[in-house]
Enquirer: 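This structure is in structure tokens; I'll ask about it shortly.
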Amino acid sequence: MGSMATDDGVTRRGLLLGGMAAAGGTALLARSALGQSHEGHEMSTPANAPAGAYPATTTHGGAHGDMMTVGTVDPGFNGFDSVQLLTEWETGVVSQTADGRTLRSFEIEAIDKELEIAPGVFFPAWTYNGRVPGPALRATEGERLRITFRNSGSHPHSMHFHGVHSARMDGVPGAGLIDPGEEFVYEFDAKPFGCHLYHCHALPLRRHMHKGMYGAFVIDPDPARHPDQLAVAQSRLLGSAENAQWQEMVMVMNAFDTNFDGGNEFYAVNSIPHAYAKQPIVIDKSRPVRIYLVNVTEFDPINSFHLHANFFDYYDTGTNLTPTLRTVDLITQCQAQRGILEFSYKDHEPGLYMFHAHQTEFTELGWMGMFDVREA
Ligand SMILES: [Cu+2]
């Protein structure tokens, strides 16, 4: 919690409503059914009402479903949509180095861009390639990576990768932190395999983080290096037949301080509050699910992921091929913590299964979604 932030959820909701007025009077919260228009009387639920105090009319029901943004964010305006972000991996361009190694090259540009992060609420983001979170970079263990970073934004920025590299490539002041108009090339080996992240490391760090400068950085294990756990390694390798059996998605837990008071007004995975509640993520129940989960939430010290009616295995940081935790239904992450979740619905009946942060306030302010589990 930032020094200026309140930890009082009621007051925060009050701030949210104030922010809505500032955003042009577009009302956001309602106890309405999903997708239903309640313009004109959405304020009938008092802003300080405790969750569940009013009967839910949503088909998703219950205390989680009765507070929801109304309307939809325009994916055309943002240039990306939430469903697309789940499965869109940036794998760069592959070539060979002079000594015969695989070289994977990425092009990243820092761009100032206004995003519509909730219906009618616009946020002056600083982005990588015009999106928040930035591109989900994906490579394979042992490759040489070359990231050409161009700063077309209005402030100094960098790319600081969580991984193994030299001091010169660390993306901190004096080592890859560049001014507007400049370019820098980061180059290092892809290691260790795992679920990592990158983010800007300009100061003040909290400002550059919360403005949107972060993204997932996944390094798949090279199966040839893991003969004793070959099947698991193969299943993690994007492009393999074994990997194609999985339903993989990337979820970056983030939040937005839309009134710049050092506390967040909106919480989400992949930026858009309630996006996956309004448009549940379709899951084929016969195939396993793998989530690359990264927490970049600024101001709040912790975030979490809770899966309803099911349990998952968890690989902390993704750097092992055996689970760190087995059979859990909740995982907590500080900022920059991340890991891989694996679970299956094969023995479940089809239906809508919820997932959300288990900080109730985060849930109500946008960090809640649904899996729409269906027969194959
Ligand atoms: Cu920055």
Side-chain angles (χ1 to χ4, degrees), residues 2-5 78-80 85 90 92 106-117 122-137 145-163 165-188 196-218 250 252-272 294-301 303 334-338:
S3 58
M4 295 172 68
N78 286 337
F80 59 85
L85 291 189
E90 175 55 66
F106 299 94
E107 304 257 340
I108 305 289
E109 184 178 14
I111 304 168
D112 293 3
K113 185 174 173 181
E114 187 171 278
L115 298 177
E116 186 181 19
I117 56 111
F122 296 86
F123 183 79
W126 296 342
T127 75
Y128 292 115
N129 287 6
R131 39 170 283 179
V132 177
L137 308 183
L145 304 183
R146 180 177 293 161
I147 302 100
T148 303
F149 176 56
R150 190 171 311 107
N151 186 357
S152 302
S154 56
H155 290 70
H157 295 301
S158 75
M159 295 182 75
H160 165 69
F161 287 85
H162 285 233
H165 48 250
S166 68
R168 291 178 295 112
M169 297 295 160
D170 202 35
V172 294
L177 186 105
I178 56 173
D179 284 326
E182 293 183 344
E183 189 175 287
F184 187 86
V185 179
Y186 303 95
E187 195 169 314
F188 45 83
H196 308 307
L197 72 155
Y198 62 92
H199 60 88
C200 180
H201 218 296
L203 300 174
L205 184 57
R206 57 163 42 189
R207 182 157 188 241
H208 287 252
M209 287 292 289
H210 114 268
K211 288 282 262 181
M213 304 207 75
Y214 43 74
F217 171 44
V218 172
V250 56
V252 176
M253 301 193 288
N254 58 354
F256 294 92
D257 172 15
T258 54
N259 61 2
F260 303 98
D261 67 346
N264 294 310
E265 276 65 52
F266 293 96
Y267 294 82
V269 278
N270 300 340
S271 299
I272 310 300
V294 180
N295 178 32
V296 294
T297 309
E298 188 57 71
F299 305 124
D300 294 284
N303 207 326
C334 283
Q335 187 184 62
Q337 273 195 302
R338 67 279 184 187

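Atoms within each ligand, like the ligands themselves, are counted from 1 in listed order. In this chain, numbering begins with 1 at the start of the sequence shown.
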Enquirer: Only N/O/S atoms count here: what is the atom of His208 closest to the Cu ion (ligand 1) called?
Expert: ND1

Enquirer: Output the atom name for the N/O/S atom of His157 with the smallest distance to the Cu ion (ligand 1).
Expert: ND1

Enquirer: Within His201, is some N, O or S atom less than 2.8 Å away from the Cu ion (ligand 1)?
Expert: no

Enquirer: side-chain contact (heavy atoms from CB on, under 4.5 Å) between Leu145 and His165: does it pass, once the steps are laid out?
Expert: CA-CA 11 Å; Leu145 304 183; His165 48 250; over 6 Å; no

Enquirer: Go through the steps to decide whether Tyr128 and Tyr198 satisfy the test ring-ring contact (aromatic ring centres under 6.0 Å, His included), and finish with yes or no.
Expert: CA-CA 10 Å; Tyr128 292 115; Tyr198 62 92; 5.2 Å; yes

Enquirer: Would you say the side-chain atoms of His199 and His162 include a donor-acceptor pair closer than 3.5 Å?
Expert: yes

Enquirer: May I ask you to check if any N/O/S atom from His155 comes under 2.8 Å of the Cu ion (ligand 1)?
Expert: no

Enquirer: Ignoring hydrogens and angles, state whether a donor on the side chain of Asp300 or Tyr267 is under 3.5 Å from an acceptor on the partner side chain.
Expert: yes

